[in-house]
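So the structure is just underneath, and the comments pick up after that.
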Amino acid sequence: MLCCYRQAVSGRTTSREKRIMADKWTPQEIEPKWQKKWEDDALHRAKIDSSRPKYYAMTMYPYPSGDLHMGHWYAIAPSDTRARWMRMQGYNTLFPMGFDAFGLPAENAAIRRGIHPKEWTYANIERMRIQLRSMGAMFDWDRECVTCDPEYYQWSQWFFRKLYDADLAYKKKAPVDFCPNCNTTLAREQVWGEDRHCERCGTPVIKKDLDQWFFKITAYAEELLDFNHMEWPERVTTMQRNWIGRSEGAEVVFRTENGNHELPIFTTRPDTLWGATFMVLAPEHPLVEELVTDDRRAEVEGYVEQAHRMTDILRETADREKTGVFTGAYAINPVNDERIPIWIADYVLMSYGTGAIMAVPCGDQRDFEFAQKYNLPIPVVVAPKNWDGEPFAEAYVEPGIMVNSGRFNGYPSIGKYSLEEWSPDLAEKYGLPADLRPENEGVRAVTHWLEEKGVGRFAVTYRLHDWLISRQRYWGTPIPMIECPSCGIMPVPYEDLPVTLPEDVQFMPTGESPLKFHEGFRYVKCPTCDEIAERETDTMDTFMCSSWYQYAYMEKHWKGEGALSVDDIPFNAEEGNYWLPVDQYTGGIEHATMHLLYTRFFTKAMRDMGIVDFDEPMTRLYNQGIILGEDGEKMSKSRGNVIAPDDLVHYYGADVVRGYLMFGFRWEQGGPWSSTGVLGIQRFLERVWTLVLEELPAIETPKTPSPDDDQVRALSRKQHQTTRKVTRDMDRFSFNTMIAALMEFTNYMVKAKETSVAQTKTWDEAIETLLLLMAPSFPHISEELWARTGREHSIHQQAWPSWDEELAAEEIITIVVQVNGKVRDRFDAPVDIGEEEAKAQALATPGAQKHLDGRQPLKVIYIPGRLVNIVVK
RNA sequence: GGGCCGGUGGCGGAAUGGCAGACGCAGGGGACUUAAAAUCCCCUUCCUGUAAGGGAGUGUGGGUUCGAAUCCCACCCGGCCUACCA
């Protein structure tokens, strides 16, 4: 398509000095100017407008560390571009911003440098607001939320209270993960990696027995597995699914020989019950103390003690040799009344299932190794089809035939497979029947029989734990609870919220929470009996604040004055009815099993409280990648590879930084920064500046005295094609190809400007379209050029350009000629060329003739508008 | 051990069954300039050839197809997640 226009520009004669050069593009001047103007005009204020469709775009808010780094820009600027694009497409768009302002760094700064966390945090927020403003984003600052404002956290406390009333918050003494560096407990989700380290500081965690507050997120485990009606990346839903870790099986009740205690176990393989030759309890199991016989007591206590001291890191190393001790006690296997020994071993975890297992050495490799080591019997109960009757050398976990299992002998058992998965292929592989139903398949049949006998039942177990939200830190939302010596645990009445965080506190070098030592805060009258009672001195996990901030954006400091009540709605309902839920959420994948799970839980709980009428907080989610230093490593001060966005904005302007962040990478993948790559965007914007502002050459181009139709049509075609491409790429977050299309269009126009096409109305339309297409990505320069070319109002209030498929369509296409799949020639043809005509022309091309070399084509394949493949011999 | 994502020029990346390498960076050559910068034009996957051309080529090996970077199977490498989950 470039060919026709190459001809047109081949006769260019104009000399550059005849032109009047435009003044230079100085982003340092125009960017602050427009930012101020937009703010003065309240351009970005999002107001309810029932005549337009709404669009709630949201990006994860930053922690106010005091410096907006490249990662923030990378996450926020492209999100802003897309929100702006939606706005130009006619959606009434809300794109808010706020600060995740509670948290440890503030407190650490206080301990180390003597600055009050509040002062530190608000000063950082002030600085980051300025940095965020330099981005030129369309944030509606009127809705900004700052989670450490009492007007904000009173609602966090209100939520706590509501969850408590709904029986979704409870206090429990439990062995919990504790970070010795941060001096606080952590939720399961906040313990990362193989070495089980603190998500924030990287220190390995230890176990502590503490009385802590939990949210009953497990009540929603099943519903949280439902990802229908939401468009979230599969990566995230898979991670959440694995984290929730649903598994189906049976709960079977064993009984102890002495004392007749119930000893329920969970198993995914009830069909192997006849092979259970011993039981194993977790060392922490509450019955251990009672069951252990006197002759075994010393050894058992020693083992329990040792297991307790051992870190989880060691305990959970899978390839460690199994250890355990016999308790001296026996249990009765309910299916055959056999007497089996009860052991304790640290490979059984108290935190999963019932903390006790039946050990089936023939069907579980861990049990097998344990049985071998301690000389316990290994009878076979599920065998492969052609089993020779010999003892197993290792556990057999695949589908097989039940043996030695009483009335179930001969039943096929498909083990880990579900009936839905069971296919003829699998049946053949294992030599089992293909037609399996709950009645004739071992696992299901045994479960049914257990239920009839009353010793077991179908059961589902989740890996998901309740969310531990207590933090032994000062700089967080106080938990609104009081413990009274006579009345017990009492919630702070709704009307008394907020429980204000006292400011006159002393920070301990030990890292202990100053709230524990603040008498005025700690001691309080019981809301019921007026006796002196104690306040909860722990504060909430900051993920509590972020679980509902999308609702806080409905109105800043909603009901900031006056008492709260149980019947309140935690946001402006009118705004909420209009904007909610979030249509598009963007942010990092690192929150997949934390924030993104918690906020789903919150919304479901809110729905059940009657506060909202939808099930999911964010309809669509998209995750950007990570921007690395030039050396390909993660940016860090210690590596010295940090690129500071402030410096770049100062030097190149925000539009260039935004542009490079969108152009240089696939957004979801990220990648290394390139300081020369940025120059490409700078050159591009300079080209656009010149293209739009530089005066046209005097009309003296002799070779093309009047614009010819082909040129005009070609320019218009390019414009419509670009509009189509940019629109589609915006929709799929393909910012890099979107900007490439803008560059191509610009390059085309720079060349076309040398011809008389630049004096046409079509030219003006093309310039205008280019500016409009650039507006979401490059808000400042496009606004400046819009104004300088005498166009009215803000460019950001204009409608997104549309395209016409007919005008975008090519008239002449190039058809590739292949012989046996190799390109041998090509020819130009009208777009509507018929199949026979195309084939005939292809066969006639010199390239085809040469490579056919007289041979008769076996087959000729025509792909309309693309190619002809001639197959020979 | 399991799961997911990825592997394309010197580099970032494009192309999701139909011309591999769009767009950009870096590099080379040229124009302009007293000179440089900036700007503009041309070249730039590799091998072979003066050229026209020919051959090879998307981690490796196989397969499906007229045709594969793209789909299927096996393997190698890198990254992320998860891990004694009963």
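Throughout, protein chains are lettered first and strands after them, A, B, ... in sequence-line order, and every chain is numbered starting at 1.
Contact annotation: Arg241(A) side-chain N/O to G3(B) OP1/OP2 distance is not under 4.0 Å. The shortest distance between the side-chain N/O atoms of Arg824(A) and the OP1/OP2 oxygens of G55(B) is below 4.0 Å. The side chain of Arg366(A) contributes an N or O atom lying less than 4.0 Å from OP1 or OP2 of C85(B). Between Lys416(A) and A86(B), a side-chain N or O to OP1/OP2 separation shorter than 4.0 Å is absent.
Of the C1' atoms belonging to A69(B) and C19(B), the separation is 14 Å, rounded to the nearest Å. G29(B) sits 46 Å from C81(B) when the P atoms are compared, rounded to a whole Å. Taking atom C1' in both G7(B) and U58(B), the straight-line distance is 9 Å, to the nearest Å. Going from the C1' atom of C77(B) to that of G59(B) covers 7 Å, rounded to whole Å. To the nearest whole angstrom, the two C1' atoms, one in G6(B) and one in G24(B), are 22 Å apart. Using P as the reference atom, U8(B) and A14(B) are 12 Å apart when rounded to the nearest Å. G10(B) and A26(B) have their C1' atoms separated by 8 Å, given to the nearest Å. Taking the P atom of each, G18(B) and G67(B) are spaced 15 Å apart, rounded to whole Å.
Contacts of Arg463(A) with the nucleic acid, taken as non-hydrogen atoms under 4.0 Å apart, include base atoms. Residue His851(A) is in sugar-phosphate contact alone, with no base atom involved, counting any heavy-atom pair closer than 4.0 Å across all strands shown. Counting any heavy atom pair closer than 4.0 Å across all strands shown, Gly847(A) reaches no nucleic acid atom. Using a 4.0 Å heavy-atom cutoff across all strands shown, Lys850(A) reaches sugar-phosphate atoms only and no base atom.
If you check A52(B) for Watson-Crick or wobble pairing at under 3.5 angstrom, you find it has no partner at all. Base pairing annotation: G21(B) forms no Watson-Crick or G-U wobble pair, as no partner gives both donor-acceptor distances under 3.5 Å. Using N1 to N3 plus N6-O4 or O6-N4 for Watson-Crick, or N1-O2 and O6-N3 for G-U wobble, each under 3.5 Å, G1(B) pairs with U82(B).
Considering only the side chain of Lys751(A), C41(B) comes nearest among G18(B), C41(B), C4(B). Closest to the side chain of Lys822(A), from the set C66(B), A56(B), G12(B), is A56(B). Distances from the side chain of Pro672(A) to the nucleotides G67(B), G12(B), C85(B) place G12(B) closest. Which of C85(B), G13(B), C41(B) sits closest to the side chain of Arg666(A) comes down to G13(B).
Summary of the strand contacts: Arg269(A) and Val871(A) both lie near RNA chain B, and taking for each the nucleotide with the nearest heavy atom, the more 5' one is attributed to Val871(A). In terms of position along RNA chain B, the nucleotide closest to Gly670(A) lies nearer the 5' end than the nucleotide closest to the other residue of the pair Ile861(A) and Gly670(A).
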Assess the residue pair Glu369(A) and Lys373(A) against the criterion (salt bridge (Lys or Arg N to Asp or Glu O under 4.0 Å)); give the C-alpha distance rounded to whole Å, side-chain angles, the decisive distance to 0.1 Å, and a yes or no.
CA-CA 6 Å; Glu369(A) 285 164 21; Lys373(A) 181 168 175 184; over 6 Å; no

Let's go through Tyr374(A) and Trp343(A) carefully: what are the C-alpha distance in whole Å and the side-chain angles of both, what is the deciding distance for ring-ring contact (aromatic ring centres under 6.0 Å, His included) to 0.1 Å, and is it a yes or a no?
CA-CA 10 Å; Tyr374(A) 295 105; Trp343(A) 287 62; 4.8 Å; yes

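In summary, the aromatic rings of Phe370(A) and Phe278(A) are positioned with their centroids under 6.0 Å apart.
Protein atom CG of Leu858(A) is 15 Å distant from nucleotide atom C1' of U65(B), rounded to whole Å. Atom CD of Glu590(A) and atom P of C80(B) are 13 Å apart (whole Å). In this structure, the CG atom of Asn242(A) is 10 Å from the P atom of A83(B), given to the nearest Å. Taking atom CG of Asn869(A) as the reference point, atom P of C66(B) lies 10 Å away to the nearest angstrom. If you measure from atom CZ of Phe665(A) to atom P of G12(B), you get 11 Å, rounded to the nearest angstrom. At whole-Å resolution of the value, CH2 in Trp689(A) and C1' in U39(B) are 17 Å apart. For Met350(A) and C84(B), the CE to P distance is 16 Å, given to the nearest whole Å. Distance, Trp667(A) CH2 to G13(B) P: 16 Å, rounded to whole Å.
G59(B) takes the anti form, because its glycosidic angle lies more than 90° either side of 0.
Within 6.0 Å of CZ on Phe458(A) lie more than 12 heavy atoms contributed by other residues, nucleotides or ligands.
Remark: the backbone N or O of Trp667(A) is paired with a side-chain donor or acceptor of Tyr74(A) at under 3.5 angstrom. No donor-acceptor distance shorter than 3.5 angstrom exists from the side chain of Tyr652(A) to the backbone of Asp655(A), with no hydrogens or angles considered.
A 4.5 Å side-chain heavy-atom check between Phe266(A) and Ile357(A) finds every atom pair outside the cut-off. Residues Val678(A) and Val657(A) form no side-chain contact, since every pair of their non-hydrogen atoms from C-beta on lies 4.5 Å or further apart.
Ion pairing between Glu744(A) and Lys718(A) holds under the 4.0 Å rule for side-chain N and carboxylate O.
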What nitrogen or oxygen pairs link the protein and nucleotides 20-25 of chain B at under 3.5 Å?
{"unit_1": "A22(B)", "atom_1": "O2'", "unit_2": "Glu744(A)", "atom_2": "OE2", "d": "3.2"}
{"unit_1": "G24(B)", "atom_1": "OP1", "unit_2": "Asn747(A)", "atom_2": "ND2", "d": "2.8"}
{"unit_1": "C25(B)", "atom_1": "OP1", "unit_2": "Arg683(A)", "atom_2": "NH1", "d": "2.5"}
{"unit_1": "C25(B)", "atom_1": "O2'", "unit_2": "Thr676(A)", "atom_2": "OG1", "d": "2.7"}

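Annotation: cation-pi geometry not satisfied between Arg658(A) and Trp73(A) (NZ/CZ under 6.0 angstrom from ring centroid, within 45° of ring axis).
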